[in-house]
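Input: a single structure, listed below in structure tokens.
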Number of protein chains: 2
Amino acid sequence: MADLNNLISPFFLNDKEVRKVIELIFFSYRDFTSGPDKILEKLSFGRAHHRVIYFVGKKNNITIKELLSVLQITKQSLSRVLNQLVKEKFIIVSTGVDKRTKKLSLTEKGKNLESELSTIQIKKIRGVINKFNEDNINGFKKILYEMTEDNSKKIFQQIND
Amino acid sequence: MADLNNLISPFFLNDKEVRKVIELIFFSYRDFTSGPDKILEKLSFGRAHHRVIYFVGKKNNITIKELLSVLQITKQSLSRVLNQLVKEKFIIVSTGVDKRTKKLSLTEKGKNLESELSTIQIKKIRGVINKFNEDNINGFKKILYEMTEDNSKKIFQQIND
DNA sequence: ATAATTAAGTCAATATGGCTGACCTAAATA
DNA sequence: TATTTAGGTCAGCCATATTGACTTAATTAT
């Protein structure tokens with residue numbers, strides 16, 4: 001009776017097992033950001049600053065509009081965080097060919113911080129996937145990808161050419 | 001030269017590939033919580049309420065202290081959220097055998113909300129893992145588990161007996 | 001050439017979810 | 001009896017997000 005699902009679907013997780021996955025997503029996300037958060041705190045920065053620095057570092061000369069579409073926050077929310085980063089010279093702003101637009105890039109100082117923060121997360125991921133095989137790692141990436149909504153998939157493709 | 005790593009380690013992700021994983025973690029987490037968030041918003045609740053409801057549902061008669069150790073927030077932060085949930089009869093409080101402690105459980109109303117919220121996430125996970133094989137799914141769970149810190153591992157084990 | 005749209009910025013108010021510090025009560029334990 | 005533990009509370013603060021209204025300057029469409 002309980003094994004009926006295995007006759008239909010090749011592999012089935014019951015609610016209890018799926019709930020464990022929910023919990024692991026919660027715990028792992030929290031722990032994944034806690035390292036960078038400690039460094040950001042010393043600079044009186046938060047999660048929001050990391051996200052801005054990350055995506056500006058990812059796509060040099062990104063515009064405000066593009067950044068907003070990635071972060072999915074309002075321009076008022078972005079404004080405060082971005083202005084702080086510009087004022088403290090982590091990010092430099094220039095005018096685009098279309099003079100209505102602005103292009104954002106990391107300064108050397110910004111690149112150093114970006115690197116410091118990302119290195120923690122890169123090392124954590126490498127340390128973990130070291131213990132797994134190619135198939136598991138590709139599976140992990142694909143499952144994460146499938147967990148995202150269509151709009152996120154589109155943005156993910158955009159920022160990765 | 002670039003393939004040198006493959007001679008040493010069985011599988012290696014370069015920085016660019018690891019950064020994709022960082023992005024997928026960000027996008028997938030955001031999208032994973034967006035469904036429940038819409039329902040919570042109608043009740044003037046937020047992420048914090050969901051977490052409390054989830055873990056009270058998970059472990060019936062959980063104490064304040066236990067809940068705090070899972071959530072890793074201060075009792076002042078928990079207080080506001082929990083009091084709202086009690087006032088609006090999603091959670092019921094009773095006194096423990098040790099009369100200093102309190103035991104929290106979901107009311108029927110609370111169970112209904114918990115179920116509504118969790119069902120969204122359970123369905124999302126099932127919909128995704130349906131497309132993968134047993135090995136990939138087990139790999140996914142294990143990678144998430146390894147992404148957590150020791151303390152989270154301990155708590156995860158505790159709440160799952 | 002003018003009108004409409006777009007990119008960006010700003011002001012103000014509001015909500016949520018965290019935090020610290022100080023202090024309190026009641027119950028259990030040493 | 002003294003100390004520790006579980007829980008609560010008051011006050012103030014900060015970060016991150018929201019909505020709405022309005023502005024400026026530049027580009028594009030009519």
Side-chain angles (χ1 to χ4, degrees), chain A residues 26 29-30 33-34 36-56 59 61-88 91-105, chain B residues 26 29-31 33-34 36-56 61-88 91-105:
Chain A
F26 168 62
Y29 189 81
R30 190 176 63 187
T33 55
S34 65
D37 286 346
K38 278 173 205 149
I39 290 166
L40 291 159
E41 211 189 342
K42 292 178 204 156
L43 302 165
S44 300
F45 289 162
R47 274 289 80 227
H49 299 84
H50 188 186
R51 292 196 281 259
V52 170
I53 283 179
Y54 181 89
F55 287 110
V56 172
K59 193 172 189 301
N61 289 325
I62 192 171
T63 65
I64 304 284
K65 196 195 173 188
E66 287 167 337
L67 192 50
L68 288 174
S69 96
V70 173
L71 298 175
Q72 307 245 88
I73 56 173
T74 59
K75 61 181 172 177
Q76 295 93 323
S77 295
L78 175 59
S79 168
R80 182 184 28 84
V81 169
L82 182 57
N83 287 337
Q84 288 173 321
L85 290 167
V86 172
K87 186 176 285 174
E88 298 190 31
I91 286 178
I92 193 159
V93 185
S94 60
T95 303
V97 179
D98 179 339
K99 285 174 188 167
R100 290 171 306 177
T101 66
K102 288 187 174 174
K103 299 187 296 179
L104 308 172
S105 7
Chain B
F26 168 61
Y29 188 81
R30 189 176 63 186
D31 292 347
T33 54
S34 66
D37 285 346
K38 279 172 204 148
I39 290 166
L40 291 158
E41 210 189 343
K42 294 178 202 157
L43 301 165
S44 299
F45 289 162
R47 275 287 82 229
H49 299 83
H50 188 184
R51 291 196 280 258
V52 169
I53 283 180
Y54 181 89
F55 287 110
V56 172
N61 289 325
I62 192 170
T63 64
I64 303 285
K65 196 195 174 189
E66 287 167 338
L67 192 50
L68 287 174
S69 96
V70 173
L71 298 174
Q72 307 245 89
I73 56 175
T74 59
K75 61 180 173 179
Q76 295 93 324
S77 294
L78 174 59
S79 168
R80 183 177 27 78
V81 170
L82 182 57
N83 286 337
Q84 288 174 321
L85 290 168
V86 171
K87 186 176 284 172
E88 298 190 30
I91 286 178
I92 193 158
V93 185
S94 60
T95 303
V97 179
D98 178 339
K99 284 173 187 168
R100 290 172 305 177
T101 65
K102 288 186 174 174
K103 299 188 296 178
L104 308 172
S105 8

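Order of the sequence lines fixes the chain letters, A, B, ..., with proteins taken first and strands second; residue numbering starts at 1 for each chain.
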ask   = When rounded to the nearest 0.5 angstrom, what is the spacing between CD1 in B:Ile92 and OG in B:Ser94?
value = 7.5 Å
message = Please find the pair of heavy atoms, one from B:Ile62 and one from B:Phe55, that lie closest to each other, and give the distance.
response = CD1-O, 4.2 Å
inquiry  = Near DNA chain D, counting only heavy atoms under 4.0 Å, which residues of residues 61-73 of chain A show up?
reply    = A:Gln72, A:Ile73
query = What integer distance in Å separates A:Leu82:CG from C:dA7:C1'?
reply = 14 Å
task = Look at the side-chain N and O atoms of B:Arg47 and state whether any lies under 4.0 Å from the OP1 or OP2 oxygen of D:dT16.
result = no
task = Look at atom CD1 of A:Ile73 and say whether more than 12 heavy atoms of other residues, nucleotides or ligands are closer to it than 6.0 Å.
result = yes
ask   = Closest heavy-atom contact between B:Lys103 and B:Asn61?
value = CB-OD1, 3.7 Å
ask   = Do you know the tightest heavy-atom contact between B:Leu71 and B:Arg51?
value = CD2-CB, 3.8 Å
message = How would you summarise protein contacts on nucleotides 22-27 of chain C per nucleotide, using B for base, S for sugar-phosphate only and - for none, with heavy-atom distances below 4.0 Å?
response = B----B
inquiry  = Looking at A:Thr74, I'd like to know whether one of its side-chain N or O atoms comes within less than 4.0 Å of OP1 or OP2 on D:dA17.
reply    = no
query = Just how far, in rounded Å, is C1' of C:dA15 from CD of B:Glu41?
reply = 11 Å
task = Identify the two heavy atoms, one from B:Asp98 and one from B:Thr101, that lie closest to each other, and give their separation to 0.1 Å.
result = O-OG1, 2.7 Å
inquiry  = Just to be sure I understand the rule, does A:Thr101 reach a base, reach only the sugar-phosphate, or reach nothing, if contact means heavy atoms closer than 4.0 Å?
reply    = sugar-phosphate
message = Show the nearest heavy-atom pair for residues A:Gly46 and A:Leu40, with the distance to one decimal.
response = O-CD1, 3.5 Å
request  = Rounded to the nearest angstrom, tell me the gap between atom CG in B:Asn83 and atom C1' in D:dC10.
outcome  = 13 Å
request  = Figure out the NE2/P separation between A:His50 and D:dA15, and round it to whole Å.
outcome  = 18 Å
message = Please report the distance, rounded to the nearest Å, between NE2 in B:His49 and P in C:dT16.
response = 7 Å
task = Measure from CG on A:Leu104 to C1' on C:dA7 and round the result to the nearest Å.
result = 12 Å
B:Ser77 side-chain proximity, nearest of D:dA15, C:dC19, D:dA6 = C:dC19
List the atom pairs, donor and acceptor, that lie under 3.5 Å between side-chain atoms in residues 78-87 of chain B and the rest of the protein, sequence neighbours left out.
unit_1  : atom_1 : unit_2  : atom_2 : d
B:Ser79 : OG     : B:Asn83 : ND2    : 3.3
B:Asn83 : ND2    : B:Ser79 : O      : 3.1
B:Gln84 : OE1    : B:His49 : NE2    : 2.6

request  = Could you tell me the separation between the CG atom of A:Leu78 and the C1' atom of D:dT18, rounded to a whole number of Å?
outcome  = 14 Å
remark   = In terms of heavy-atom contacts, A:Arg30 and B:Val70 come closest through NH1-O, 3.0 Å
request  = Have a look at B:Arg80 and say if it touches a base, only the backbone sugar-phosphate, or nothing, with a 4.0 Å heavy-atom cut-off.
outcome  = base
ask   = For A:Asp37 and C:dG18, what is the distance between atoms CG and P respectively, to the nearest whole Å?
value = 13 Å
